[in-house]
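Basis for what follows: all heavy atoms, side chains included, without hydrogens, waters or symmetry-related copies. Counting from 1, the numbers follow the sequence of the chain as shown.
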Amino acid sequence: MAEQVRVYISIGSNVDRARYVTAALDALDQWFGELTISPVYESEAVGFDGSPFYNLVVGVDTALSVGELSRRFKQLEAENGRRRGAPKFSARTLDLDILTYGDQVGVIEGVELPRGEILKNAFVLRPLADIAPALTHPVCGETYGALWQNYTAGQKLWPISFTWQGRRISTPAD
């Protein structure tokens with residue numbers, strides 16, 4: 001059996017947000033079992049005028065390859081109404097991205113690791129720092145907790161109340 005690798009995945013939606021975030025969590029739970037789930041944040045759309053997003057990060061352990069994960073995520077996005085070929089900065093029913101795959105660095109099976117958005121976007125960095133604050137970014141060498149403490153880009157996001165499978169994931173007081 002292949003060795004298990006810790007993978008962090010970002011989830012985002014700005015169309016029927018609770019429905020699609022729930023669909024993503026349900027699928028990840030079915031595929032991987034126990035999930036490490038960050039609080040859910042609402043954030044302004046970045047790069048385009050659009051409805052606010054729900055964003056969170058999930059940690060899983062898997063023996064699947066980067067390419068297989070990417071294919072599964074694209075299929076899940078498609079099953080949930082995501083249309084490929086839409087402008088890069090546009091409304092999304094569901095967006096899943098592999099942020100890290102162990103400590104892998106580089107373009108692996110077509111996926112950039114670690115994902116560049118970690119260092120650019122509050123809606124990726126903050127939830128990652130929430131669930132993996134002591135984990136070190138494999139390129140810059142700083143922990144995600146320290147990167148969030150020093151984040152200065154000024155993007156706005158706020159925790160929202162979110163319940164999944166009867167379990168409160170986050171509250172506005174987080």
Side-chain angles (χ1 to χ4, degrees), residues 4-47 50-64 69-70 72-82 91-102 111 113-137 143-149 151 153-174:
Q4 296 278 308
V5 176
R6 186 67 168 177
V7 177
Y8 289 95
I9 304 151
S10 68
I11 301 171
S13 174
N14 77 333
V15 175
D16 203 355
R17 302 171 300 178
R19 171 184 167 194
Y20 291 113
V21 166
T22 297
L25 290 170
D26 288 345
L28 294 175
D29 180 54
Q30 182 178 13
W31 292 338
F32 305 111
E34 188 173 334
L35 307 176
T36 303
I37 306 171
S38 77
V40 178
Y41 292 92
E42 186 172 42
S43 64
E44 298 170 333
V46 173
S51 300
F53 276 79
Y54 279 2
N55 295 100
L56 67 154
V57 170
V58 175
V60 303
D61 294 309
T62 184
L64 295 174
L69 285 173
S70 181
R72 281 190 182 203
F73 295 166
K74 285 185 170 105
Q75 179 64 35
L76 181 60
E77 290 170 344
E79 289 169 0
N80 283 280
R82 169 104 183 249
R92 308 250 148 105
T93 54
L94 188 58
D95 186 28
L96 287 99
D97 293 308
I98 301 168
L99 300 176
T100 65
Y101 184 91
V111 178
L113 295 170
R115 190 165 179 88
E117 283 182 310
I118 293 170
L119 300 176
K120 295 177 188 154
N121 292 318
F123 60 82
V124 175
L125 179 57
R126 180 160 183 195
L128 181 57
D130 285 338
I131 61 173
L135 191 66
T136 301
H137 188 284
T143 66
Y144 295 117
L147 287 167
W148 175 246
Q149 283 183 329
Y151 185 80
Q155 294 174 357
K156 292 180 175 64
L157 74 161
W158 47 95
I160 56 112
S161 183
F162 197 89
T163 302
W164 173 68
Q165 293 188 350
R167 177 175 139 208
R168 179 152 316 262
I169 301 299
S170 62
T171 62
D174 279 345

Determine the minimum heavy-atom distance between [X] and [Y], stating which atoms define it.
{"X": "Y20", "Y": "S13", "result": "CB-OG, 3.8 Å"}
{"X": "R17", "Y": "N14", "result": "CG-CA, 3.6 Å"}
{"X": "E77", "Y": "L96", "result": "OE2-N, 2.7 Å"}
{"X": "I160", "Y": "S170", "result": "O-OG, 2.6 Å"}
{"X": "T143", "Y": "A134", "result": "CG2-O, 3.6 Å"}
{"X": "Y151", "Y": "K120", "result": "OH-O, 2.9 Å"}

[X] versus [Y]: any side-chain heavy-atom pair under 4.5 Å?
{"X": "F32", "Y": "V58", "value": "no"}
{"X": "Q155", "Y": "S43", "value": "no"}
{"X": "P133", "Y": "Y144", "value": "no"}
{"X": "I37", "Y": "L56", "value": "yes"}
{"X": "N55", "Y": "L157", "value": "no"}

Between R6 and T36: side-chain donor-acceptor atoms closer than 3.5 Å: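 Side-chain D/A pair, R6 to T36: present.
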
How far does [atom1] of [X] sit from [atom2] of [Y], to the nearest 0.5 angstrom?
{"X": "L25", "Y": "R167", "atom1": "CG", "atom2": "CZ", "answer": "9.0 Å"}
{"X": "L35", "Y": "D26", "atom1": "CG", "atom2": "CG", "answer": "9.5 Å"}
{"X": "I131", "Y": "S38", "atom1": "CD1", "atom2": "OG", "answer": "5.5 Å"}
{"X": "I98", "Y": "L69", "atom1": "CD1", "atom2": "CG", "answer": "4.5 Å"}
{"X": "L76", "Y": "D95", "atom1": "CG", "atom2": "CG", "answer": "11.0 Å"}
{"X": "D130", "Y": "Y41", "atom1": "CG", "atom2": "OH", "answer": "3.5 Å"}

side-chain contact (heavy atoms from CB on, under 4.5 Å) evaluation trace for T100 with H137: CA-CA 9 Å; T100 65; H137 188 284; over 6 Å; no

Residues L147, L119; criterion side-chain contact (heavy atoms from CB on, under 4.5 Å); working and verdict: CA-CA 8 Å; L147 287 167; L119 300 176; 3.7 Å; yes

The single option from L125, V124, L128 passing side-chain contact (heavy atoms from CB on, under 4.5 Å) against E117: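 Of all the options given, the one that passes is V124.
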
Test applied, side-chain contact (heavy atoms from CB on, under 4.5 Å); reference residue, Y101; option that passes from V111, I9, V7, L64: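 Looking at V111, I9, V7, L64, the match for Y101 under the side-chain contact (heavy atoms from CB on, under 4.5 Å) is V7.
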
Neighbour count above 12 (heavy atom, 6.0 Å) for E34 CD: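 Open.
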
Pair Y54-I11, side-chain contact (heavy atoms from CB on, under 4.5 Å): steps then yes or no: CA-CA 8 Å; Y54 279 2; I11 301 171; over 6 Å; no

Parallel, tilted or perpendicular: ring planes of F73 versus W31, cut at 30 and 60 degrees: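 Parallel.
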
